[in-house]
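Only heavy atoms go into these numbers, but all of them, side chains included; no hydrogens, no water, no symmetry mates. No experiment lies behind these values; they were computed from the predicted model shown. Atoms within a ligand are numbered from 1 in the order they appear, just like the ligands themselves.
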Amino acid sequence: KTPLVGVPGTKFERTFIAIKPDGVNRGLVGEIICRFERKGFKLVGIKILHPTKAQAEEHYADLSTKPFFAGLCNYFSSGAVVAMVWEGKGVVKTGRTLIGATNPAESTPGTIRGDLCIEVGRNIIHGSDSTDSAKAEITLWFKDSEVAEYQGNQTWVYEK
Ligand code: IDP
Ligand code: MG
């Protein structure tokens, strides 16, 4: 059985992806899931929840000294979030590539942020920035019983 936090460096690497309240309210859930799904990554955990301010502060604890921290936590806890765990080879780094640069004004067209949003304070999606933060974030948001293993079409996605 794959550990909850995945196995970095293998096909079983996992990352934490969250569609932020603006993404959910703008009806972009399907669009975003579609992009990860068609790439070949495997969705192993998904739920919708309204984060508390405390959960937002814990999730973004590394940014607590930033001037935008309070606004960021208000934003992240302002509505429903779709929290997900995605699995696949290189999913942490490639997930960040699919998402695009933090500031949508600098995100390349073709990326999620480059195509779908305009401002850094409303950039619709979160993705873990390293395998270590993926481990911490998956553990923060998901229990073992909330992640499912299934066969999928992975034999057609990987050479071996
Ligand atoms: P990331 O989401 O691309 O990993 P981080 O630097 O981890 O970017 O910042 C977390 C979130 O904080 C960003 O996604 C964005 O919503 C918000 N943020 C980052 N920089 C700024 C800023 O300069 N002003 C307002 N919000 C910001
Ligand atoms: Mg970040």
Heavy-atom contact check, 4.0 Å cutoff: does R122 meet ligand 1? no
Looking at CZ of R35 and CD1 of I125, how far apart are the two atoms once the value is rounded to the nearest 0.5 Å? 9.5 Å
Tell me whether F76 reaches ligand 1 (any heavy atom closer than 4.0 angstrom to a ligand atom). no
Give a yes/no verdict on whether any heavy atom in K66 is under 4.0 Å from an atom of ligand 1. no
Measure the distances from the heavy atoms of L63 to every atom of ligand 1 and state whether one is below 4.0 angstrom. yes
Which segment of L72 sits under 4.0 Å of ligand 1 when only heavy atoms are counted: side chain
Ligand 1-proximal atoms of R96, by part, heavy-atom distance under 4.0 Å: side chain
So for ligand 1, is Y75 a polar contact partner (N or O within less than 3.5 Å, distance only)? no
Closest to atom 24 (N) of ligand 1 among protein heavy atoms sits V120 CG1, 3.6 Å
Nearest-contact summary for atom 18 (N) of ligand 1 - protein heavy atom, Å: F68 CE1, 3.5 Å
Pick one of side chain, backbone, both or neither for how T102 approaches ligand 1, counting any non-hydrogen atom pair under 4.0 Å. both
To the nearest 0.1 Å, how far is atom 13 (C) of ligand 1 from its closest protein heavy atom, and which atom is that? N123 ND2, 3.6 Å
Can you sort out which atoms of ligand 1 are near Y60, meaning under 4.0 Å from one of its heavy atoms? 10 (C)
Determine whether any heavy atom of R113 lies closer than 4.0 Å to an atom of ligand 1. yes
